[in-house]
Trainee: 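If you scroll down you'll find the structure; I have some questions about it.
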Amino acid sequence: MTEAAMQTEPAPAAALPGETEPAGAARYKQYVTFLVGDRAYGVDIVLVREIKQWTPTTALPNQPHYMRGVLNLRGTIVPVHDLRARFGGNLTEATETHVVVIVWIGDQTVGVLVDAVSDIITVSSDDIRPVPPSEADLDQSSIGGLVNAESGMVALLDLKALFGGASMGMV
Amino acid sequence: MDDDNEDYLALFFTECGELLADLQEQLDRLMDGERDPELVNAAFRAVHSVKGGAAAFGFDHLIGFAHVFETVMDGLRSGRLQLGSDIVNLLMRSGDVMETLIEQARDGGDVDSGHVDRVRQELEEQIGRSSAEEAPEDGPSAPASAAPPPPAPAEAEPEPGEPREVIVSLIPSEDFIHGGHDPLRVIRAARELDLVAAEPIGDLPPLAELTPEGCPIGWKLRFETDRPPSAFTDFFSVYEHIAVVEIVDENWSEAPAAPAGAEAAPASVAPTEAKGDPAPSAAAAPPEAGGKDAGKDGARHSAAKTLRVELPRIDRLVNLVGEIVITQAVLAQKLSETDAATALEVGHSVEAMSRQTRELQESVMAIRAQPVKSVFSRMPRVVRDLADKLGKEARLVLAGEHTEVDTTVIEELAEPLTHMLRNSMDHGLELPDERAAAGKPRTGTIRLAAEHRGERVIIIIEDDGRGINRERVVEKAIENGLIGPDDNLTPEDIDQLIFHPGFSTAKEISSVSGRGVGMDVVKKKIQALGGRCHLRSDPGKGTRFQITLPLTLAVLDGMTICVGDERFILPLSSVVEALRIDGERVEVLPDRSQVLARRGQYLRLISLRNALGIDLGDKREEMAIVVDTETNGHVALLVDELIGQRQVVLKSLEANFKRVEGVSGATILGDGRVALILDIPSLVSMGGSARAPIQEVFH
């Protein structure tokens, strides 16, 4: 895998069907999906800045364990969070095949460490299902919804709830 | 009008800042006894320009005051008033008042109108004195009415008559736009004067000949108004040396005899008299003043060679150059790893490039460099204010104002400098009588100087006051539990106590200093800037603070150290020394924390592994770096390895993350990895004292 394998362009939704339909009708959005273990997660494509091969990070003192430190993204310092560890799993033993999805959360740029990027899917807002209550190991507020894609269920991430709090400082 | 207006307003205030600094400089020189008439001219021009700008935005108070102010200076230029030290003093205070008014116009809020009025009154008395020589009438309050729209009631104004027609033609000269004027703004501002119509004069040249900087057409402005002619002459006098202004005001009915005196008096001293002559005055240059103003226009021409650039644009450039420097280092490193033949071939080019990159970096940093004058020039006012409040006599001597420092440093400097001057005024200088009794001149001297020394800039604040009262400092320190009654401190150690947090020896808490936020704040601030603060005091003779600062905040001199696999940067300014540890010098206290014996002193040992949570197993640290915490004395940091010194480009962690305790920022090393820059004071307060487990290693 090459670095910056994919750069997204903003507003890809413009050409999608349904845009011209009146309000209230289904809206389509594209999501980048990626894998952590065998579980698939999706992030709104307009929030994805780029996808980068894992490179060792520099640890920051006294941070939650899922905060993997910072990396140098062409001169800016970007924090990297381990998605597996964020959802209560072990720390990812990152290798060169792992990827960091660089996303925008508000005006901050944040990296999310995942196992692999899998696909780009187009989802109608009608197809997004709410997260059923009491799902055991999921931080519910951090999952914006569930989608049944061809390859199976995709959990759509609410990045702000997941990492925004950590980034903004919990004080 | 909105954004556009906001932009102009911001520009106006920026310019005001420059003009005030300029004014201050002229006044300072007058204060020092220089009597070059050009000084008064220059000061006049500065005030006049402020007035011009203020007129465009309708800052009435400011216009009114500036008008009286410049009228007095005009009296000085023309010799109607004598330049004596009392007048210079008055001008000085007027400068301060004008600054306050500008601040109020910018930030809103209240001003001490009593003070403003007092100074204004004094200025008006001067005007009265000068006009008394020409006009038989001696009405000190009359000239006030000459101020364009003064807040004062228009009692002295002639009766408002029937609205009449006033025609003003304004034909901008080539330099009109260059000089910072904008015809649209003039016309907008003229609406205030009951403008009813504006017709262009002249035709636009063919497109091919049209220059964007020129202003090929003029305007004929028609007013229907009952305002006195002075309203128009005042308004347009601003543009007179940069445009041809003709005011036709035929229907102005001659004012009745009584107010005529009042009207005549100001007219005879107002600058508008010389230049506001109804006749087109461009060709027939008004005597003296006009000649000088022409010189100013020449100066404007050369000033146009400078460029106002928003700081973020330059910051981007600085960042980019920082990247290039890093990439360059990576390239050089990679090259050294390739085979010898290639290295030799490409080596020269890489070397040349590295030289050019360095030069590029220096040039970019030079763009941000600014003379310290911009902050120094605010200080005389601080001293004058305090002298007033404290009943002391003080003179501030500035030196080395042209020393250039990065603008980021300059911005941060005003606060600590103000604080230190306050300290010198409050604690350092004695009351005049006290000084006289001690055989010193009644007026105390504070010297504020800047100079370059290598890659750093040194700022000195020196007073000839009483020096630090060590007995009282010790007393207070014991009282506050900072030291024990039996501690035997050297005089220098005692002096250093004033930098201790919460330390203040002011007998009573004054509004000037001694609020408990004292010199420790200054020291912290200076330290945050990567600087150091030294103090020397001679009892009875004075105190001298020396601040050493880096020239820029964009790069930092750092010491690279290694803890485990991670590299960290310590600001070189806090590093005192580096030692190799050996077991004998480490002692264990009863609470199992460790101290390092060094030259008969014990230093707290702080393990960076503990503080930063780095797990290293049993490997033991071999080095200790002694650092100055600025507030808590020296401590020793345990590290694995000392790699060396280097200059690093500072990067923010907060931009994409948040503030991290113990870390002040980050940088990118030659291999592209991020290294954290350690924040020593916060690191020390985080704990991480070296403790027991290491004890076993040292047994």
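Per chain, numbering begins at 1; letters A, B, ... match sequence-line order.
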Trainee: With rounding to the nearest 0.5 angstrom, report the CD to NZ distance, A/Q63 to B/K658.
Mentor: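 These two atoms lie 5.0 Å from each other.
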Trainee: Do B/F657 and A/V78 come close enough that some side-chain heavy atom pair is under 4.5 Å?
Mentor: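 Not in contact.
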Trainee: I need the A/I102 CD1 to B/N656 CG distance, nearest 0.5 Å.
Mentor: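 Between A/I102 CD1 and B/N656 CG, I get 9.5 Å after rounding to 0.5 Å.
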Trainee: Which atom pair, heavy atoms only, marks the closest approach of A/I77 to B/A666?
Mentor: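 Looks like CD1-CB, 3.9 Å.
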Trainee: Give, for atom CD1 of B/I668 and atom CG of A/N72, the distance between the pair rounded to the nearest 0.5 Å.
Mentor: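 If I round to the nearest 0.5 Å, the distance is 3.5 Å.
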Trainee: Under the side chain to side chain contact (heavy atoms under 4.5 Å, CB included) criterion, do A/Q108 and B/E654 qualify, and how do the steps go?
Mentor: CA-CA 9 Å; A/Q108 293 191 314; B/E654 280 122 272; over 6 Å; no
Trainee: Checking B/V663 against chain A: side chain, backbone, both or neither under 4.5 Å from a heavy atom?
Mentor: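 Side chain of B/V663 only, per the 4.5 Å heavy-atom cut-off to chain A.
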Trainee: Determine yes or no for a side-chain-to-main-chain donor-acceptor pair under 3.5 angstrom, with B/E566 supplying the side chain and A/A59 the backbone.
Mentor: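 The answer is yes, because a donor-acceptor pair under 3.5 Å joins these two groups.
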Trainee: Considering all heavy atoms of both residues, which atom of B/R673 and which atom of A/T57 are nearest to each other, and what is their separation?
Mentor: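 Closest pair (atom of B/R673, atom of A/T57, distance): NH2-O, 3.3 Å.
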Trainee: Quick check on A/L71 against chain B: is it the side chain, the backbone, both or neither that has a heavy atom closer than 4.5 Å?
Mentor: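 Contact with chain B is through the backbone of A/L71 alone.
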Trainee: Do A/P61 and B/L676 have side-chain heavy atoms sitting under 4.5 Å apart?
Mentor: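 Sidechains of B/L676 and A/P61: in contact.
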Trainee: Quick one: what part of B/L612 sits under 4.5 Å from any heavy atom of chain A, side chain, backbone, both or neither?
Mentor: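 The answer is both parts of B/L612.
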